[in-house]
Number of protein chains: 2
Amino acid sequence: MIPRVPRDLRPLFEPRSVAVVGASNNPAKWGQWFARGAVSGEHRRSVYLVNRGGGEVLGRPTFRSLGDLPEAPELVVLAVPAAAFEESVDASLAAGARAVVAIAAGLGESGEEGLRRERSVVDRVRRAGAVLLGPNCMGVYDGAAGLDLASSDFEPGPIGLVSQSGNLALEVSLLAADVGLGISRFASLGNQADLEAGELVTSLIDHEPTRVIALYCEDFRDGRAFARAALEAVEAGKPVILLTVGAGEVGAQAARSHTGALVSNETAVEAACRAAGMVRVRSPRELIDLAQAELARVRPRGRRVVIVGDGGGHGIVASDVASAEGLDLPPLSDELQGRIAPHLPDAAPTRNPVDFAGAGEQFLTIFEDVTRIILESGEVDAALVTGYFGGYSEFSDEFQAEETEVALGMARAAKDTERALVVQSMYPRSPSLVALREAGVPVYREIEAAAWALARLADQAERSPRGVPELPPPAEGPVPTGYWEARELVASAGIELSPARRVTKADEARAAAAELGYPVAVKALGLLHKSDAGGVALGIANEGALGDALANMATLSPEGYSVERMAPVGDGVELIAGCIRDPRFGPIVLVGIGGIYAELLKDTAVALAPVDAPQAEELVRSLRGAAILEGARGRPPVDVPAAAEAVAALSQLAASRPDLAEIEINPLLVTSSGALVLDARVLSGENGADAR
Amino acid sequence: MIPRVPRDLRPLFEPRSVAVVGASNNPAKWGQWFARGAVSGEHRRSVYLVNRGGGEVLGRPTFRSLGDLPEAPELVVLAVPAAAFEESVDASLAAGARAVVAIAAGLGESGEEGLRRERSVVDRVRRAGAVLLGPNCMGVYDGAAGLDLASSDFEPGPIGLVSQSGNLALEVSLLAADVGLGISRFASLGNQADLEAGELVTSLIDHEPTRVIALYCEDFRDGRAFARAALEAVEAGKPVILLTVGAGEVGAQAARSHTGALVSNETAVEAACRAAGMVRVRSPRELIDLAQAELARVRPRGRRVVIVGDGGGHGIVASDVASAEGLDLPPLSDELQGRIAPHLPDAAPTRNPVDFAGAGEQFLTIFEDVTRIILESGEVDAALVTGYFGGYSEFSDEFQAEETEVALGMARAAKDTERALVVQSMYPRSPSLVALREAGVPVYREIEAAAWALARLADQAERSPRGVPELPPPAEGPVPTGYWEARELVASAGIELSPARRVTKADEARAAAAELGYPVAVKALGLLHKSDAGGVALGIANEGALGDALANMATLSPEGYSVERMAPVGDGVELIAGCIRDPRFGPIVLVGIGGIYAELLKDTAVALAPVDAPQAEELVRSLRGAAILEGARGRPPVDVPAAAEAVAALSQLAASRPDLAEIEINPLLVTSSGALVLDARVLSGENGADAR
């Protein structure tokens, strides 16, 4: 659990004094790397090198212990093995340290004993009012503070980087440097024994040099606290980019239900991203492509894009790629085309894409003029310039000067019109484009990167963060032991189920069916997997068929039967709705298109639970298949608000019952007149008991 | 139409003499660029500069006309405006030219008059036994022949490049240079008045320096001839990579039917790629990423991949990305893990991904040792090494030497075991990795590029080209004028339709329904859009309902009615099958999952038509939803061979009827006992008449 009141991490990132314990002259040892890094900041702060054996390190005198220092070190870096972990942390606290960075591996990540040792140390760190980064971490860096205590070399820049992998952080920084970006702060997460990702994100919100926050994280610990921290950063205008991986415990656990088959390992992360307004990326390259976009001086307010190419096939290729990324390429109005045509050669396409047809090399200024005219029109949210621009600088110094001026003119056009501009060029390192980047315009070498990043900005323009819901107080109640009890639990939340009667004998079943009206369904009770075992019979049309069905099921020796009125399945759309409890992010609600094609369609939407009815309706309407709910093949529209009410109630129920691992209503039949649950199941948390 | 006997293009790519007409001293003119290029090959061949005004160009004497040359120029480059097109081509032919390159724009691409002029010239070129590249083209290049007559600078290498865009060719060459690749031959397609893409591809098959063929093409002309040429190249061991765009006439035309809604502009290209074994890419970057992979010394024989990371999160990120690309990451056997574990630190993961956990920096040789052990095991088809490798060279010259040796050892391991190796590194320009590339191992900077390219090689390993089917002789027959005639056409191909009776009066309808048996469907005949207008009534249960339905439809004043036996829709799977005639690639057959979710699923497969029944069955079984055909929710498997017979018959019918633009059977209901067409429609070609 992250402490609710954010702690002051200044001693970690901007310490007034630093001590390196384990400082060494051996160039193959961490102790030398960190000593070297600390010494590079000698002009900014006091630096103390501690070496048990004494003597000099890097030409500086060392101290034999932290107790010998002339002042309390604000930050202590521990380049010592795991065996010395407790001892050296305690010594740091005794010496008055406010922040400790522990490099040692072999603690919490290696098993229970290590975890226990970490927890005990963290208690003492927190009682002392200090913070601990690591253990098993690669250090810390702060560009503006000149603090370089990380295993990699970073250049200063606008990206606040929090990473659970040193090598990935290094790759991110190398890719960043390629596009003129650097790192404002870096914290290596390590085992997150004390400081977790969320608290580090929080510390970047008020850090002025940090303009975008990037994380590589495998283990989210308190996922909701992390999501809240990210949401706060996003709302403060600092976009959060998350690189994470599919590992986790959810998948295996959830595969016991249909919801489980639709929930991937990544579902909870997806829900957290939508809640907090984070963007998930899948690689270091995407992280940097997006960071560049997030730093654009002008962001698009929607997804309407004009493609401007300077000739050849670039405009057409860009149009294809941009459309595939989900950007809209509206045809420019005749009026607007009429205004740009005089700038272009006779046959040049002006509809969208706009193609200069090679005229750029004669009149470079048309890049600025045409881009400005289009952006001023308001017909698009962004211009994507693609192809050769940047290459004119190759011709001569005069061309370079002119191209740079034109580039800055394009940037001004974007700023003046408050419409976004993104450039793809085969010469991305051209001085004109370096100038353009510095003016706040993202420049990409590959068209797919440019279009992808622009589409992510458009996504963000269209949907604001959903927010991180508070959990209701835990409720008590019996854990359903079977299908009938699962129905009762669902019904207790105010969700309507198909009318049913619980019976034990054939004559009771006949009476129930007569009362409900044929056709009916019969389900055997008390079986672990009622449908697999032949314990479900649907569409029973009359008393004779009912007798046959009961006779067949009797061989299963059920505890009893549920006789249910058959719903008009053909008249509606089958949805699936479920809640799972993720060990990191808590309850997650899922809705999806159900029925025979459910697992093929994989058309689902997820959110952190609980959701209210309007949020649930937004979820349902966000399905790709939402059009089918509006009426397909001449059917009337179905009652989406009723479905949303059921989903919201289910999510409230699940959020209040931490003892239940999964609750699923499937199918949730939605017709023009309402929403009706036709089957339900509940999995309890600890023992995995399965009530269906 | 490409001449059926391939012509000799040696005079175009390896001429013994070259003349440049329009050679100029003005550095802003094409005439100078081409003169400069020609002169750069003076040591290889005779070069003649022709300038109407005489005098010197680039310090060389010029000739006033081609007639003045001392010998027949094998190749003539025409840097003259469109007005001089005919005159200068004729002069070239008169002077004995075997190949002509025409740069001039403003001919065939600008309208009918230009097309007419081109056709007339091409007739004369062909009669003279010469070839013409262009007009509206950017020239020609041959690395081995030292022929540099293109608007861009190329470096020699293994990629044969044919492009309809000069700027995209330039971008491809810049990206190629980044990974040590160059261009063997380049031909700018221009308007393809004479030489088309297909014939140029054919010319590269026997061109030894060309090891992979890359095309950017917007306009395929004779698409089947192009596909045949590509197939021949692929079968000769020269992979063909196609960059193309979605433009084309198919989309607008096809949108008149459901097949049309499922057929994108790119469907015909997709069918051609599968027929010829070409790989479609969407950007220059993908083109070069794939070219590198196609040039790998060892190709994978399947999609089983081991990920080898040297620490940090690289192994996990790579696993996620590779899985998302459809690669398989089998867990290594316990036995194999037992053999690699001794090389790695204690807690290092060995299952897959294999993570060296930082041990690489202590023992670089484990990269070679572990990779070799895994590849030798035969448990995977390829190893994907990801992360830091390449960066060890940064430490010192000794590290660089050792890393290079280890890299070459990994390449040898791949060669010895005939298992593929691909490397992703954050230091792709490291000398060790340059050496690795030269040893035939693809090296990528981005993990998504490495995984994507490897997945494309796996695709190729798993599916051989389908072949380009010959078209049957055109058949004659009436063009269906309505739904009933469409049914009759489909039935004439031996395809079973739901039993139906054509009636005009209510009493005939009652008699037909009684004969067929209720429930029945009734469709009004003679309407343009029978279903939109309320001209279809399904599930009519009895005579009363039939009377109501007929009364309703009578207001539409139909020509008559089709009374049809209702099929057991709930017991089967609805497929959609259709054939469209693409103006470039001819008849294309499509199958897909039908029903309410068809356009949402977009689960379709396409092929050049005609297909035989086994090919049709392969198409059906390639659908993502194929598992549903095998029986879902406890249903029996459906009769896929019967569906395939219907699809094959439909494709044969469509291929033999060039006068029909579209034939569609939808739904094609497939049950456990057969396949039955429930509705059919035919669109004729020229007038777009719609028979449904």
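Lettering of chains follows the sequences in order, A, B, ..., and the numbering in each one begins at 1.
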From the list T244(A), V321(A), L175(A), the residue making the most non-hydrogen contacts under 4.5 Å with chain B is L175(A)

Pick one of side chain, backbone, both or neither for E286(B), based on which atoms fall under 4.5 Å of a heavy atom in chain A. both

Checking S163(B) against chain A: side chain, backbone, both or neither under 4.5 Å from a heavy atom? neither

Engaged part of E171(B) at the chain A interface, taking heavy atoms whose separation is under 4.5 Å: both

Atom pair CG/CG of L287(A) and L168(A) - distance to nearest 0.5 Å: 9.5 Å

Residues in side chain to side chain donor-acceptor pair (under 3.5 Å) with S283(A), at least two apart? E448(B)

Partners of R351(B) by salt bridge (Lys or Arg N to Asp or Glu O under 4.0 Å), sequence neighbours excluded? none

Where do F356(A) and V308(A) land on the side-chain contact (heavy atoms from CB on, under 4.5 Å) test, with the steps shown first? CA-CA 8 Å; F356(A) 293 172; V308(A) 177; 3.4 Å; yes

H314(B) and side chain to side chain contact (heavy atoms under 4.5 Å, CB included): which partner among I447(B), I307(B), D355(B), T386(B)? T386(B)

Bottom line for Y427(B): the part with an atom under 4.5 Å from chain A's heavy atoms is side chain

